[in-house]
Amino acid sequence: MSDNDDNELDDFDGDERLRAGIIRQARTVGIQVAFESALAVCRDPNAPAAAKASSQRTLLMVGGLLDRNDRNASAANKPLSEMDGAELEKATQDLMRRQRRSGAAAAKPVGSAFD
């Protein structure tokens, strides 16, 4: 290996360290600044409606309230006694759908006369 190759490796390592530092800052400082900015826009009485709507959506996403997977998972684990009418209806429909599927699968013939 030549001295030039060593310098290129050092540059590569330096670039990777720099990139890792930037990513770390974006995930810590950047998230905090973005959250505070979105909150400030929501609280600003003079902010345009579009800016407020965008900021509100961002805050709800950060809070996990717009993540459909999280929302569905938490609803599935919720006790029946804590569900509202719409959640109970959905749970009932889901159970009926699963029951129909398992019943339909069991009722299917293995083969047919035309096989």
Side-chain angles (χ1 to χ4, degrees):
M1 224 188 232
S2 69
D3 286 338
N4 194 24
D5 290 339
D6 287 340
N7 288 339
E8 287 178 16
L9 284 177
D10 288 342
D11 289 344
F12 178 77
D13 289 341
D15 289 348
E16 288 302 310
R17 278 193 297 277
L18 178 62
R19 186 174 293 117
I22 290 170
I23 290 171
R24 194 174 314 108
Q25 275 192 308
R27 289 182 177 170
T28 55
V29 177
I31 289 171
Q32 184 66 34
V33 169
F35 170 78
E36 290 170 0
S37 299
L39 200 56
V41 170
C42 288
R43 290 181 172 158
D44 182 357
N46 299 320
K52 282 188 175 193
S54 176
S55 294
Q56 290 164 351
R57 181 169 178 77
T58 298
L59 290 171
L60 291 172
M61 286 174 63
V62 168
L65 298 173
L66 292 182
D67 185 359
R68 184 170 292 170
N69 292 331
D70 286 348
R71 195 170 56 235
N72 289 341
S74 65
N77 297 329
K78 190 186 256 189
L80 295 175
S81 60
E82 294 180 10
M83 291 184 183
D84 64 20
E87 291 170 326
L88 285 169
E89 179 65 26
K90 183 179 180 328
T92 303
Q93 294 298 324
D94 289 346
L95 286 171
M96 289 172 58
R97 193 175 309 112
R98 275 191 234 134
Q99 186 178 19
R100 279 192 303 267
R101 266 192 232 134
S102 65
K108 281 185 181 177
V110 176
S112 74
F114 303 105
D115 283 342

In this structure, CG of Asp15 is separated from CZ of Arg17 (nearest 0.5 Å) by 9.5 Å

Scanning both residues in full, the closest heavy-atom pair of Met83 with Lys78 reads CE-O, 3.3 Å

Show me, pair by pair, the donor-acceptor contacts under 3.5 angstrom made by side chains of residues 25-38, not counting sequence neighbours?
from  : atom 1 : to    : atom 2 : distance (Å)
Thr28 : OG1    : Arg24 : O      : 2.9
Thr28 : OG1    : Gln25 : O      : 3.4
Gln32 : NE2    : Glu36 : OE2    : 2.7
Ser37 : OG     : Val33 : O      : 2.8

Those residues at least two apart in sequence (or on a different chain) that pass salt bridge (Lys or Arg N to Asp or Glu O under 4.0 Å) with Arg97 are Asp94

By side chain to side chain contact (heavy atoms under 4.5 Å, CB included), Leu95 pairs with (sequence neighbours left out) Arg98

With sequence neighbours left out, the residues meeting side chain to side chain donor-acceptor pair (under 3.5 Å) with Glu16 are Arg19

Using a 4.5 Å side-chain heavy-atom cut-off and chaining through intermediate ILVMFWY residues, the residues clustered with Val41 come out as none

Pairs under 3.5 angstrom only: tabulate donor-acceptor contacts from the side chains of residues 45-62 to other protein residues two or more places apart or in another chain.
from  : atom 1 : to    : atom 2 : distance (Å)
Lys52 : NZ     : Asp44 : O      : 3.1
Ser55 : OG     : Ala51 : O      : 3.0
Thr58 : OG1    : Ser54 : O      : 3.0

